[in-house]
Structures are given as structure tokens and as C-alpha cells.
Amino acid sequence: MNEAPVPPGLMEMDWAQRWRSLVTTSHVGPMFAGPAGSDRFARLAERFDAGMRENGRAEDPLLPLILPLARGASVIDVGAGVGRFTLPLARSAREVVAVEPSAAMRERLELHVRERGADNVRILSDPFEAAELEPAELVLCAHVVHFVADAPAFIRKADALARRAVAFAIRHDSFEAPLMAVWSRYRKDPPPRQATFADLYNLLLAMGYTPNVTFYRRAYHLRLPEGVDARVWLSRAVGEEVSEADARDALAAAPPFLREACVWWEKEAP
Ligand SMILES: C[S@@+](CC[C@H](N)C(=O)[O-])C[C@H]1O[C@@H](n2cnc3c(N)ncnc32)[C@H](O)[C@@H]1O
């Protein structure tokens, strides 16, 4: 996998640097984590927890893609959050090590693990980069790498720890869809955005990986921070006073689904 030649011209773009700049400038979306420091994932933790409780046992669209890789296996779930994937994986896997540095996420994850009696789940509080981990059959990184500035080191560590397979889940369509719809009416420069599938795939190609990709869809509901209406959020993000009419158009442009990608590869026998 690491031996694949890099397509000509791809290295003209510094994908790692591009990634870093997306990570450090993307804090505008309705779901962005808070500023670095304290627990920047505290608000997301509430959202994710509510989502997990609302969705109950409805099957997540990523699960059918990763469960076959996890059956009977040891799994590292990197950036486990409140356990959206940790808990269903624990039902099939032999053991799941959930790496989750946010205290707010971890508190809810621990509760779900206790409530479901998932005694094959172990939770680590270090960031993945610093965590001391034994190799596992599957390393899953779901919706986490777009928060990580040094993605190449993160990817190499995930790959080095995986005995059988590595899987990354990442959005293809922008979470900031309504913002994208109004941005160009007010600004000439490109809108800030989170790193998405295309950024990850190009980075992986430039690093010498040629992973498999399976796309799937997830229902999209724009949820704004409490007490912030769409016009206020859009105006803050755009840096200009967005009109009521443009805010209405932007909301109407929010799609019912966003496409996500499961980017995965199997390890070659040594
Ligand atoms: C958007 S949540 C996704 C949670 C879960 N994987 C899911 O898809 O439901 C991102 C999670 O990654 C965690 N995270 C961020 N940086 C991390 C790092 N360097 N190492 C491990 N986890 C990290 C955050 O604390 C947060 O819980």
C-alpha cells in the first residue's frame, strides 16, 4: 500500500500544508468545536449524546461498512466521542479501546458503556498522538482527522497500529452548506471550510496510499447553537450583515443528506 507511486503533478500541491491551513482556519460551521483550550468539544458532546439517544438502535449508515472488519477483532476507536461507533462495535469485536481526550465526551461515553454493560471497552484519555497503544486488528478514525493539524503523523500512527485494516470516516459534502450558499454574495475570497474527503484522499495519495472508498449518506439537520438564529450565525461567519432574505435562501439550500466517505485499506501480510 505504501509503495504506490505518487501520480505526476500531485506533489506540486503541498497537501499536508493545505490540510493544516484548513484545520486552523475552519472554525465557522454550525458544528465547529470551540476554541482550543478548556474542553473545546463540550458543546459537541451534548449534541452527539442527544443524537445517540434520539437515534436509539437505528443502524448508523457507516456500521455495515466497518462491522465486517471488526468481527471477533480488537479495535482501536480513535476519537470515540460519546461512543456512537464504540458501542455497536463492542457487540461484535473482541475488545474496543476507545481513545477520547475530551472529558465532556468521555463522561458520556463512560455512562453509555456502563449502561450497556460493555465490559470489553477500555477508555483512554490521551490524545491519539500521545496514547500508548498495542496494535489492534482494526483502527477506526471516524470524523476526527479534520480536527488534527498534523494529519500525516496521525495517519502513519493509525496505519502502524493496524494489523488488519484502517478506516477513516469523513464528510464529502460540506457541513457548512448554507454558509456556502450565501458566502459569494458578500465575499470574493474563498469561504473557510473544514477538511473533507477530497482533501484527505489527495493527502493519502501524496503519502503513497491508494485506499478504497465507499460513499454513504447521512441525514442532515442544521442545528445552530442555542440562542443563535441562522441570520446571526451567517453574519458572524461571513463577517458582514446577512439579510433576512439571504438567510432564508441559505436555509432553503440546506440539503436533506450529506455524503460521507469511508476511506479504508487492508494491511498486506508482512
Ligand atoms: C466529531 S467527534 C466524532 C466522535 C465519534 N468518532 C463519532 O463519529 O461519533 C470528534 C472526536 O475526536 C476527538 N479528538 C479530537 N482530536 C483528537 C486527537 N488528537 N486524538 C483523539 N481524539 C481526538 C474529540 O475529542 C471528539 O470526541
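As the structure lists them, so they are numbered: ligands from 1, and atoms in each ligand from 1.
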Seminar exercise, completed: Closest to atom 7 (C) of ligand 1 (heavy atoms only, candidates Met105, Arg84, His143, Lys157) is Arg84
For this session: Could you tell me whether Gln17 atom CD has more than 12 heavy atoms of other residues or ligands within 6.0 Å of it?
Result: yes
For this session: Scan side-chain atoms only and decide if Tyr220 and Arg171 contain a donor-acceptor pair under the 3.5 Å cut-off.
Result: no
Seminar exercise, completed: atom 22 (N) of ligand 1 has as its nearest protein heavy atom Pro101 CD, 3.2 Å
Exercise. How many angstroms lie between SG in Cys141 and CG in Asp77, if you round to the nearest 0.5 Å?
Worked result: 8.5 Å
Seminar exercise, completed: Going by the 4.0 angstrom heavy-atom rule, the piece of Ala80 near ligand 1 is backbone
Exercise. At a 4.0 Å threshold, what atoms of ligand 1 neighbour a non-hydrogen atom of Phe85?
Worked result: 7 (C), 8 (O)
Exercise. With atoms numbered from 1 as shown, which atoms in ligand 1 lie under 4.0 angstrom from a non-hydrogen atom of Ala142?
Worked result: 3 (C), 5 (C), 6 (N), 8 (O)
For this session: Using only heavy-atom distances, determine whether the side chains of His146 and Asp199 contain a donor-acceptor pair under 3.5 Å.
Result: no
For this session: Give the residue and atom name of whichever protein heavy atom lies nearest to atom 15 (C) of ligand 1, and the separation in Å to one decimal.
Result: Phe41 CZ, 3.7 Å
Exercise. Taking only heavy atoms of Glu129, which atoms of ligand 1 are found under 4.0 Å from at least one of them?
Worked result: 18 (C), 19 (N), 20 (N)
Problem set entry | Nearest-neighbour protein heavy atom for atom 16 (N) of ligand 1, which is reported as residue plus atom name and distance | Val144 CG2, 4.1 Å
For this session: Among all protein heavy atoms, pick the one closest to atom 5 (C) of ligand 1 and tell me residue, atom and distance.
Result: Gly79 O, 3.3 Å
Exercise. Which residue and non-hydrogen atom of the protein lie closest to atom 20 (N) of ligand 1, and at what distance in Å?
Worked result: Phe128 N, 2.9 Å
Exercise. Do any N/O atoms on Phe48 end up under 3.5 angstrom from N/O atoms on ligand 1?
Worked result: no
Problem set entry | Close side-chain approach of Arg84 and Leu62, heavy atoms under 4.5 Å | no
Exercise. Taking atom types as modelled, is there a side-chain donor on Glu95 or Ser74 under 3.5 Å from an acceptor on the other?
Worked result: no
For this session: Please round to the nearest 0.5 Å and tell me the distance separating atom CD of Glu100 and atom CD of Glu110.
Result: 10.0 Å
Exercise. With backbone taken as N, CA, C and O and side chain as the heavy atoms from C-beta onward, which portion of Phe147 lies under 4.0 Å from ligand 1: side chain, backbone, both, or neither?
Worked result: side chain
Exercise. Is Val78 close to ligand 1, meaning an N/O of one under 3.5 Å from an N/O of the other?
Worked result: no
Problem set entry | Subset of ligand 1 atoms that lie under 4.0 Å from at least one heavy atom of Ser102 | 25 (O)
Exercise. Hey, which atoms in ligand 1 end up nearer than 4.0 Å to a heavy atom of Gly81?
Worked result: 4 (C), 27 (O)
Exercise. Hey, is Arg218 close enough to Asp60 for a salt bridge, meaning N to O under 4.0 Å?
Worked result: yes
For this session: Determine, using ring centers only, whether Phe215 and Phe197 are less than 6.0 Å apart.
Result: yes
Seminar exercise, completed: Nearest non-hydrogen contact to atom 24 (C) of ligand 1 from the set Glu100, Arg47, Met52 belongs to Glu100
Problem set entry | Any donor-acceptor pair under 3.5 Å from Asp246 side chain to Ser243 backbone | no
